[in-house]
There are 2 protein chains.
Amino acid sequence: MNEEDYIARYKKRNFDAPLVTVDAVLFTYHENTLKTLLVKRSAYPEKGKWALPGGFVSESEDDGLEATLIRKLKEKTGVIPPYVEQLYTFGGPSRDRRGWSITVAYTALIAHQSCEISIDTVSDVNWLPFSKVCQLPLAFDHLDIVNRAHERLVQKALYSIVPAYVLPETFTLPELQHVHEVIIGKPLQKKSFRRRIEQANLLVDTGEKRAEKGRPAALYRMREDSAAYNFIRNLEL
Amino acid sequence: MNEEDYIARYKKRNFDAPLVTVDAVLFTYHENTLKTLLVKRSAYPEKGKWALPGGFVSESEDDGLEATLIRKLKEKTGVIPPYVEQLYTFGGPSRDRRGWSITVAYTALIAHQSCEISIDTVSDVNWLPFSKVCQLPLAFDHLDIVNRAHERLVQKALYSIVPAYVLPETFTLPELQHVHEVIIGKPLQKKSFRRRIEQANLLVDTGEKRAEKGRPAALYRMREDSAAYNFIRNLEL
């Protein structure tokens with residue numbers, strides 16, 4: 001038998017295979033709080049529980065894992081998040097009662113403003129404050145996934161400006177600092193934050209200003225798509 | 001219908017699901033070179049090509065993904081690598097001719113000495129220098145996986161002593177420095193390397209010595225399992 005014959009005769013369904021899903025921990029920043037998008041499950045198993053947005057990877061998808069995840073997120077939010085990164089793959093015999101399953105989990109960030117309208121129209125999808133999410137009985141192992149995504153986001157907030165993706169396209173330095181503080185969970189020194197950000201040269205001054213506590217603050221945007229991923233020196237130091 | 005009925009009636013095989021495998025990029029250090037373990041495929045598809053050690057995740061595995069990976073690696077090397085970390089999950093419709101497939105890829109490190117004997121007895125398994133592996137027509141998308149694992153390892157070599165896991169339990173600082181240099185691909189300053197490692201306080205002086213270019217060099221071991229993961233300041237600076 002040659003390889004062509006082998007492929008022609010191969011029947012995937014004759015073999016045991018785990019269930020495969022993709023799930024996203026989608027973060028945003030709203031009302032001075034870090035929030036996570038959750039979906040109330042309308043079907044068994046775990047019916048009625050809050051869960052991460054996501055779904056099954058089926059053979060009909062004609063592109064890769066990340067494209068599948070983005071499509072599922074777009075169904076819920078109406079938009080494509082500007083930041084999507086693979087987080088970790090969770091798998092085992094007991095995370096889903098339907099059988100051995102794996103989920104490829106992603107972290108995604110989006111500005112609240114850019115998906116407000118489409119999310120408000122759906123009743124089973126909601127932004128919940130991260131601090132509350134941790135106390136909910138989430139479906140499956142989704143609480144583990146949320147916690148791992150948050151840990152990773154804290155690291156990003158210490159060493160990069162990836163958190164800027166939860167803000168609109170232009171933002172002030174005090175706004176960015178507050179996002180970092182909310183994620184890290186403690187205040188940062190204003191002077192040292194500003195210096196680190198400037199040294200890293202990741203932002204462009206748009207020339208526009210916005211009143212911030214009465215005083216005009218410069219509006220910045222990210223230099224380019226990749227800039228936010230660049231390492232900067234630990235912001236806590 | 002309640003959840004119990006739903007689970008009882010659920011037939012996984014009625015649904016399309018991707019093929020699921022785990023694969024490892026196992027690195028070691030031997031003859032002053034970074035090497036990767038490859039297995040020659042004895043079956044279709046991609047018969048005769050070199051591939052990463054790994055295999056299908058089947059429903060009969062009664063523990064998680066990492067345990068499955070470790071079991072598959074042990075079948076090839078006879079031992080359990082001291083360092084195993086999930087790298088990335090690759091998936092899509094065209095990476096395996098048998099159909100939509102995903103592989104959860106891991107990076108693993110092992111000292112050459114600890115698996116020398118069992119690997120020498122198997123003819124279809126071999127340690128190949130990383131520089132040569134990059135030029136082979138590897139099976140599936142395994143070359144992408146190897147390259148991604150190497151990129152990640154370079155980052156680890158810059159910011160941690162994770163590379164020490166390719167050395168035997170005790171080693172000298174010049175040995176460790178050489179491993180870092182081989183991985184990073186350029187020489188490091190001896191004085192600054194020694195200072196960074198000492199500052200990070202990750203090693204324990206065993207009190208023993210070994211002749212290193214004629215002079216006795218102190219033998220160290222890692223402080224504890226987790227120490228190697230700790231960040232140290234960029235070794236290049």
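Note that the structure is a prediction, hence the values are computed from the model and not measured. Quick note on labels: first sequence line is chain A, next is B, and so on, each numbered from 1. Atom set for the values below is all heavy atoms of this structure, side chains included, hydrogens, waters and symmetry mates excluded.
Note: B:Phe130 and B:His150 have parallel aromatic rings, judged against thresholds of 30 and 60 degrees for the angle between ring planes. Ring-plane geometry between B:Tyr6 and B:Tyr10 is classed as tilted, the angle between the planes lying from 30 to 60 degrees on a 0 to 90 degree scale.
Only the side chain of A:Phe56 comes within contact range of chain B, with at least one heavy atom under 4.5 Å from a heavy atom of that chain. Proximity to chain B (any heavy atom under 4.5 Å) is restricted, for A:Ile102, to the side chain, taken from C-beta onward. With a threshold of 4.5 angstrom between heavy atoms, A:Val104 approaches chain B through side-chain atoms but not through N, CA, C or O. Looking at B:Ser94, neither its backbone nor its side chain comes within 4.5 Å of chain A, counting heavy atoms on both sides. Using a 4.5 Å cut-off between heavy atoms, A:Leu19 touches chain B through backbone and side chain atoms alike. Proximity to chain B is absent for every atom of A:Ser101, based on heavy atoms less than 4.5 angstrom apart.
Counted by atom type alone, B:Gln155 and B:Glu151 present zero donor-acceptor pairs between their side chains at under 3.5 Å.
When each of A:Gly91, A:Ser58, A:Gly99, A:Gly92 is scored by its heavy-atom pairs under 4.5 Å with chain B, the top score falls to A:Gly91. The candidate with the highest count of non-hydrogen atom pairs below 4.5 Å against chain B, out of A:Val20, A:Thr89, A:Val57, is A:Thr89.
Residues A:Leu65 and B:Trp100 meet the side-chain proximity criterion, which asks for heavy atoms closer than 4.5 Å.
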### Message
Using the rule given for salt bridge (charged side-chain N to carboxylate O under 4.0 Å, His left out), can you reason through A:Arg97 versus A:Glu46, listing the C-alpha separation, both sets of side-chain angles and the distance that settles it, and then say yes or no?
### Response
CA-CA 9 Å; A:Arg97 292 190 65 199; A:Glu46 313 257 8; over 6 Å; no

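A cation-pi arrangement is found for B:Lys47 relative to B:Tyr44, the charged atom lying closer than 6.0 Å to the ring centre and inside a 45° cone about the ring normal.
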